J.: 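This is the structure, below, for whatever I ask next.
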Number of protein chains: 2
Amino acid sequence: MTTIEDVAREAGVSVASVSRVISGTRSVRPKTKNAVLEAAEKLGYQKNYFASALRRRSTNTVGMVVPHIANPFFIELVERIENVIQADGFDLFLCDSRNDPAVEVRRVRALIARQVDGIVLICADEMRSRESILAVENKIPIVTLDRSIKDIALDRIAVDNGLGIRMIVDHLASRGNRRMTFVGAEEGISTAQARLEAYQAAVAAIGGEGGGDIMLGSYSVDWGWEAGLNIADRPHLPDAVVCANDLIAVGVIRCLLSRGIRVPDDIAVTGFDDIALCRYVDPGITTVRQPIDLMAREAASILLSRIAGTHNAVVNLLVGPEIVIRQSSCNVTKVS
Amino acid sequence: MTTIEDVAREAGVSVASVSRVISGTRSVRPKTKNAVLEAAEKLGYQKNYFASALRRRSTNTVGMVVPHIANPFFIELVERIENVIQADGFDLFLCDSRNDPAVEVRRVRALIARQVDGIVLICADEMRSRESILAVENKIPIVTLDRSIKDIALDRIAVDNGLGIRMIVDHLASRGNRRMTFVGAEEGISTAQARLEAYQAAVAAIGGEGGGDIMLGSYSVDWGWEAGLNIADRPHLPDAVVCANDLIAVGVIRCLLSRGIRVPDDIAVTGFDDIALCRYVDPGITTVRQPIDLMAREAASILLSRIAGTHNAVVNLLVGPEIVIRQSSCNVTKVS
DNA sequence: CGTTCAATGGTAAACGTTTTCCATATGGTT
DNA sequence: AACCATATGGAAAACGTTTACCATTGAACG
C-alpha cells in the first residue's frame with residue numbers, strides 16, 4: 001500500500017502538501033500541485049478511507065434504512081435518492097430493517113458507527129421507531145421519508161395519503177360504487193394509519209357503506225390474497241375494495257379471480273403507490289401515484305443542506321398525489 | 001465521544017486491557033474484564049469503527065455489486081446472502097452497477113477503498129467486467145454469482161442455464177409447439193449468451209423451427225414489450241416465444257394481449273428465474289426456477305471461507321434448475 | 001527601505017484503536 | 001527451593017490522514 005508519505009518523498013515535498021493537494025483543503029502552488037499529482041499517479045496512490053475518516057470525523061456517506069428492500073416502491077425511492085446525493089459526491093449505504101424496529105435500531109447504530117454524515121429513514125413503526133431516532137443522539141441529521149414517527153420534531157417528506165385515498169373513494173363513488181371494503185396494513189405504520197382514517201372519513205363523506213368494513217394485515221401480496229379469501233366467502237360481495245397499497249391489491253385481485261369473481265366487473269379494486277407492477281398485471285390496477293422523484297429530491301436536498309450546516313426550521317412536506325385510473329376500477333357504472 | 005482511554009481510566013486499568021476485552025483478542029482476568037465491561041457500559045462506550053479498521057486492516061464487511069437493484073431476482077439473492085453472512089458477524093454493502101462496466105469498476109473501487117473483506121459480484125459484462133476484477137488486484141477474495149467473466153479463474157456459482165432452457169424447449173415441444181422464437185438479452189451477459197446458445201441447440205435437437213429466429217435486447221419488461229410488437233406484426237405467428245428471463249416474458253405477454261393475441265391459446269410464452277411476479281400476472285408464467293437459496297448459501301460460504309484463509313481450489317459450481325409449469329405455456333396440444 | 005500582509009511550505013501533534021514487546025505474577029514440576 | 005511455562009498487565013509504537021502552528025517568502029504599500 002502506498003501512502004501519502006511515499007508520494008511526498010517521490011514528489012520532493014512534505015506530507016502536508018500532499019494532503020492538501022489530495023483533499024483540496026488549502027491552496028498550493030501550481031508547481032507543487034503538479035509534482036504531487038504526478039507522483040500520486042505514478043505510484044498509484046489511493047487515499048486511505050479510514051485514516052481520513054478517523055481524522056476528519058466525516059465520511060461523505062449517507063445511510064438509508066428501508067422497511068423492505070423487496071418492495072419496489074422503496075427501491076424506486078432509493079434509486080432516486082442515490083442519484084441526487086451521488087451528484088454531490090456522497091455515497092449511499094442501504095439497509096433493510098425487515099419492518100422490525102429492533103432490527104432498525106441495530107441498522108441505525110451500525111450506520112452511526114460507520115460515521116455516516118446523515119440518514120434517510122423510512123421507519124418501521126410510528127411509535128417504536130422512536131428508539132432509532134434516539135440512537136442517533138442528535139449526532140447527525142436524519143430525515144424521515146414516506147412514513148413518520150409520532151410526536152417527534154423531525155424533517156419529513158411524504159405524500160398526502162389522506163388526499164390520495166379521498167381521490168380513490170371519490171372516483172369509485174363517481175362510478176356508482178357504494179358498498180366498499182378496506183384492506184389495510186398494521187396501524188403502527190403511519191401511512192397505513194393515515195390511509196385507513198382517510199378511507200373511513202371519505203366513505204362517510206360520500207354517504208357510502210362499509211366505512212367500518214376493514215381488514216388490517218401487512219403491505220404484502222400474501223396478505224392481499226388472504227383478505228381476498230375473506231371477501232370471496234361473503235354472501236354479499238362489496239362493490240369495491242380499497243387496498244392500502246399496490247401489493248395488497250395484486251393479492252386481492254389474484255385471489256378473487258381465482259375464485260371466479262371478476263375484476264372489475266363484479267368488484268372494483270384499487271391500490272396505492274403506482275409501482276410498475278400495476279401496469280403488468282391484468283387488469284391494470286387503478287392506484288394513487290406518488291411523486292417519487294420529487295419526494296426523493298426534496299428528502300436528499302434537505303438532508304444535504306443539514307449536513308452542510310445550513311437549514312434550520314424543521315420541514316414537514318406533504319406532496320400531492322395523482323390518481324391513475326386503470327381497468328381494475330372500471331366496472332359497470334351503476335349510477336350515472 | 002467516549003474513547004477506550006476514558007473507559008480505561010474509569011475501570012482503573014490500561015488501554016491495552018480495555019482493547020483486549022472489547023475486541024476479545026487475548027484473555028484477561030475475569031476481574032479486570034468485568035471492571036472494563038462495567039465501565040464501558042456506564043460510559044456508553046462505542047468502539048470507533050475507523051480507528052479499529054485503520055489499525056486492523058479488516059472490517060468484517062463484504063460488498064456486493066449487482067447489475068440492477070430493481071430486478072427482483074437479484075434482490076432475492078441479496079437478501080439470502082445477507083442472511084448467511086450476518087450470522088457470521090459480517091455486514092453487507094450493496095451497490096448497483098446499472099449494468100454498466102464503468103460504473104461497476106467505480107463501485108468495486110469504492111468497496112476496496114472501504115476495505116471490505118470480500119466481494120460478491122454479479123457482473124455487468126462477461127468481457128468488460130474484467131476491469132472490475134483487476135481493480136481488486138488480488139487484495140481480497142471475490143466470488144462471482146449468476147453471471148461469469150470469460151477466461152478468468154474465479155469462483156463462480158450459477159444455475160445451469162443451458163439445462164434450464166433445454167427443459168423449457170422440451171416442454172414446449174412436448175405440447176406440440178414447433179415454430180419458436182427467442183427473445184434474449186445482450187450477448188455480453190454470460191447468462192444471456194448461455195441461454196441463447198442452449199435455445200439454438202435445443203431447437204435443433206427437437207427438430208423444430210425458429211432456431212435462428214432470435215431477437216436480442218435487455219433483461220427488461222420494456223424490451224419484452226418491444227419484441228412483442230415485432231412478433232405481433234408478423235403475418236405468421238410462431239407457436240411459442242422463449243424469453244431469456246421473466247421480465248422479458250412479462251413484457252412480451254402484455255404486448256401480445258394488448259394486440260388481441262391470446263396467451264397461451266395463440267402463442268405460448270415462457271420466462272426464466274421464477275421471480276414472484278410470475279405468479280401475479282395472468283396468465284401465470286411458465287419458467288425455470290433457480291435454486292436461489294442454495295446459490296446464495298454456497299456463494300456466501302465460499303467467500304467466508306476464503307476470507308478466513310481456508311479454501312484453495314477455484315470453485316465453479318453449476319446448480320440444477322427446475323421447471324415450473326404455469327398457464328402461459330399451456331396452449332392447445334397440437335400433437336399428442 | 002521598513003513594515004505589513006497574504007500565500008505557501010513544513011513539522012509534529014492529533015484522531016482512537018490494536019498489537020508488539022516487556023515485566024511481573026502465578027502455578028506446577030522437579 | 002529452584003526452575004520453567006503460562007497467564008496477565010502495561011507502555012508505547014504503529015495504522016495513514018488532517019490540521020494547528022510556525023517559518024519563510026515575496027509583494028504591496030507607505
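Residue numbers start from 1 in every chain, and the chains themselves are labelled A, B, ... in the order their sequence lines are given, proteins ahead of strands. Computed from a prediction, not measured in an experiment: that's the story for all the values here.
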J.: Checking side chain to side chain contact (heavy atoms under 4.5 Å, CB included) against A/P67, which of A/D146, A/N99, A/D96, A/I189 comes through?
T.: A/N99
J.: Check this one for me: any side-chain N or O of A/R56 less than 4.0 Å away from OP1 or OP2 of D/dT19?
T.: no
J.: Could you give the OH-to-P distance, from A/Y45 to D/dG16, as a whole number of Å?
T.: 10 Å
J.: Under 4.0 Å from OP1 or OP2 of C/dT8: is there any side-chain N or O of A/K31 that close?
T.: no
J.: Of the residues in residues 12-21 of chain B, which ones touch DNA chain C at a heavy-atom distance under 4.0 Å?
T.: B/A16, B/S19, B/R20
J.: Surrounding CD of B/Q86 (heavy atoms of other residues, nucleotides or ligands, distance under 6.0 Å), is the total greater than 12?
T.: yes
J.: B/Q46 near the nucleic acid: base, sugar-phosphate alone, or nothing, with a heavy-atom cut-off under 4.0 Å?
T.: sugar-phosphate
J.: Within the structure, does a side-chain N or O atom of A/S27 lie under 4.0 Å from either OP1 or OP2 of C/dT8?
T.: yes
J.: Does a donor on one side chain sit under 3.5 Å from an acceptor on the other, for B/T61 and A/R114?
T.: yes
J.: Look only at the side chain of B/D155 and the backbone of B/V315, and say whether a donor-acceptor pair between them is shorter than 3.5 Å.
T.: yes
J.: Taking the side chain from A/N71 and the backbone from A/F73, do they hold a donor-acceptor pair closer than 3.5 Å?
T.: yes
J.: How close or far is atom P of C/dG16 from atom CG of B/L43, stated in whole angstroms?
T.: 14 Å
J.: Figure out the CG/C1' separation between B/L54 and D/dC15, and round it to whole Å.
T.: 4 Å
J.: So, is B/R57 close to the D/dG16 phosphate, meaning a side-chain N or O under 4.0 Å from OP1 or OP2?
T.: yes
J.: Rounding to an integer number of Å, can you tell me how far B/N48 CG sits from D/dG16 P?
T.: 16 Å
J.: Do B/T32 and B/R20 meet the criterion of a side-chain donor-acceptor pair at a distance under 3.5 Å?
T.: no
J.: Starting at the 5' end of DNA chain D, which residue's closest nucleotide do you reach first, B/R26 or B/R55?
T.: B/R26
J.: Does a side-chain N or O from A/T3 land closer than 4.0 Å to OP1 or OP2 of D/dC15, or not?
T.: no
J.: Rounded to the nearest Å, what distance is computed from the CZ atom of residue B/R29 to the C1' atom of nucleotide C/dG27?
T.: 14 Å
J.: Quick one: does A/D88's side chain have a donor or acceptor within less than 3.5 Å of a partner on A/I85's backbone?
T.: no
J.: Which whole-number value in Å describes the distance from B/I4 CD1 to D/dA11 P?
T.: 13 Å
J.: Output the rounded distance in Å from CD (B/E5) to P (C/dT18).
T.: 14 Å
J.: Would you mind classifying the nucleic acid contact of B/Y49 as base, sugar-phosphate or nothing, using non-hydrogen atoms under 4.0 angstrom?
T.: nothing
J.: For A/I22 and D/dG16, what is the distance between atoms CD1 and C1' respectively, to the nearest whole Å?
T.: 13 Å
J.: Taking only N and O in the side chain of A/K47, is any of them less than 4.0 Å away from OP1 or OP2 of D/dT18?
T.: yes
